[in-house]
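Here's the structure, in structure tokens; my notes come after.
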Amino acid sequence: MLEVTNVRVSYEGVLALSDVSLKVEPGRIVALVGGNGNGKSTTLRAVAGLNPLDAGSIRFNGQPVHALPAHKRVPLGISLVPEGRRLFPKLTVRRNLELGAYTRDSDDEVAQSVDQMFELFPILKERATQLAGTMSGGEQQMLAIARGLMAKPKLLMLDEPSWGIAPKFVTKVLDVIQRVNETGVAILLVEQNLHKALAIAHDGYVIQTGRIVMNGAANALLHDEEVKKAYLGL
Ligand SMILES: Nc1ncnc2c1ncn2[C@@H]1O[C@H](COP(=O)(O)OP(=O)(O)OP(=O)(O)O)[C@@H](O)[C@H]1O
Ligand SMILES: [Mg+2]
């Protein structure tokens with residue numbers, strides 16, 4: 001479904017990704033793990049169309065997408081829940097959801113999708129008229145995920161969904177990600193926390209200074225001594 005091949009990205013001449021290749025097959029949860037500043041967010045942003053490539057290619061369902069602007073990738077089925085959530089804090093929960101459907105034009109369809117999100121996330125239904133910025137970190141993350149789903153993605157990318165969330169909420173967020181995956185949406189999950197991410201993923205990649213240094217079945221990576229060493233050495 002998603003094929004990232006030999007991707008290189010730099011910020012004002014400074015290399016952030018030197019050689020990233022990874023694949024997400026339909027129906028899978030793929031974890032991309034690595035420590036601070038190793039290029040996780042840059043990888044997701046490159047797939048979403050927010051960082052231009054210096055080299056390499058990105059294909060989605062066989063079609064090259066790396067030359068398309070971000071807003072043309074969304075209708076193809078690529079959706080990013082960004083680092084730090086980026087909600088509209090002064091708007092209601094419902095309005096934040098509606099804005100997640102900006103690439104779709106039928107009001108009826110959007111209203112139907114909001115109802116679907118309320119089914120999947122009952123807490124958001126209870127809080128429909130609450131301002132997003134007044135909710136807890138965990139609730140805001142639920143809203144950010146739901147907003148990402150409003151675009152009806154085939155691939156949902158999540159950038160550190162457990163960031164800034166109370167530990168008891170982290171499990172809930174991971175459960176939600178698994179439930180979303182069970183509805184047929186492929187997931188590319190970025191996490192600093194190796195254990196949390198690999199525990200729910202099917203496949204995993206370890207990124208170190210802009211390069212994929214290891215990949216394989218998530219379960220195997222979770223128990224691999226080399227991964228632990230590479231990871232601790234970051
Ligand atoms: N807007 C930017 N301008 C310049 N350099 C940037 C920018 N964004 C990221 N970088 C640099 O690119 C490299 C990769 O950053 P990136 O944000 O992708 O890492 P990350 O793995 O997501 O880290 P974290 O775990 O802290 O979120 C880092 O060296 C970072 O300083
Ligand atoms: Mg990041």
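In each ligand, atom 1 is the first atom listed, and ligand 1 is the first ligand listed.
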If the condition is side chain to side chain contact (heavy atoms under 4.5 Å, CB included), which residues does Q63 pass it with, not counting sequence neighbours? L68, L76

Nearest-0.5 Å distance, CD1 of residue I187 to CD of residue E182: 10.5 Å

State whether a side-chain donor-acceptor pair under 3.5 Å links Y11 with T42.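 Yes - a donor-acceptor pair under 3.5 Å links their side chains.
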
Between the side chains of S41 and D159, is a donor N or O closer than 3.5 angstrom to an acceptor N or O?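 D159 and S41 do have a side-chain donor-acceptor pair below 3.5 Å.
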
For the pair H66 (side chain) and I58 (backbone), establish whether a donor and an acceptor sit closer than 3.5 Å, ignoring hydrogens and angles.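 Yes; judged by distance alone, with no hydrogens or angles, the pair exists.
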
Protein residues near ligand 1, heavy-atom distance below 4.0 Å? Y11, A16, G35, N36, G37, N38, G39, K40, S41, T42, E83, E160, Q192

Check residues 131-142 and write down every donor-acceptor pair under 3.5 Å in which the side-chain atom is one partner and the other belongs to a residue at least two apart or another chain.
{"unit_1": "T134", "atom_1": "OG1", "unit_2": "Q130", "atom_2": "NE2", "d": "3.0"}
{"unit_1": "T134", "atom_1": "OG1", "unit_2": "L131", "atom_2": "O", "d": "2.7"}
{"unit_1": "S136", "atom_1": "OG", "unit_2": "E139", "atom_2": "N", "d": "3.2"}
{"unit_1": "E139", "atom_1": "OE1", "unit_2": "R127", "atom_2": "NH1", "d": "3.3"}
{"unit_1": "E139", "atom_1": "OE1", "unit_2": "S136", "atom_2": "N", "d": "3.0"}
{"unit_1": "E139", "atom_1": "OE2", "unit_2": "R127", "atom_2": "NH1", "d": "3.4"}
{"unit_1": "Q140", "atom_1": "NE2", "unit_2": "A132", "atom_2": "O", "d": "3.4"}
{"unit_1": "Q140", "atom_1": "NE2", "unit_2": "M135", "atom_2": "O", "d": "2.8"}
{"unit_1": "Q141", "atom_1": "OE1", "unit_2": "R85", "atom_2": "NH1", "d": "3.2"}

Of all the heavy-atom pairs spanning R147 and L97, show the shortest one and how long it is. N-CD2, 3.7 Å

How many protein atoms of type N/O/S are positioned less than 2.8 Å from the Mg ion (ligand 2)? 2

Within-4.5 Å side-chain heavy-atom neighbours: M214 and Y205: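 Answer no - side chains too far apart.
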
Side-chain heavy atoms of H202 within contact of N181, under 4.5 Å: yes

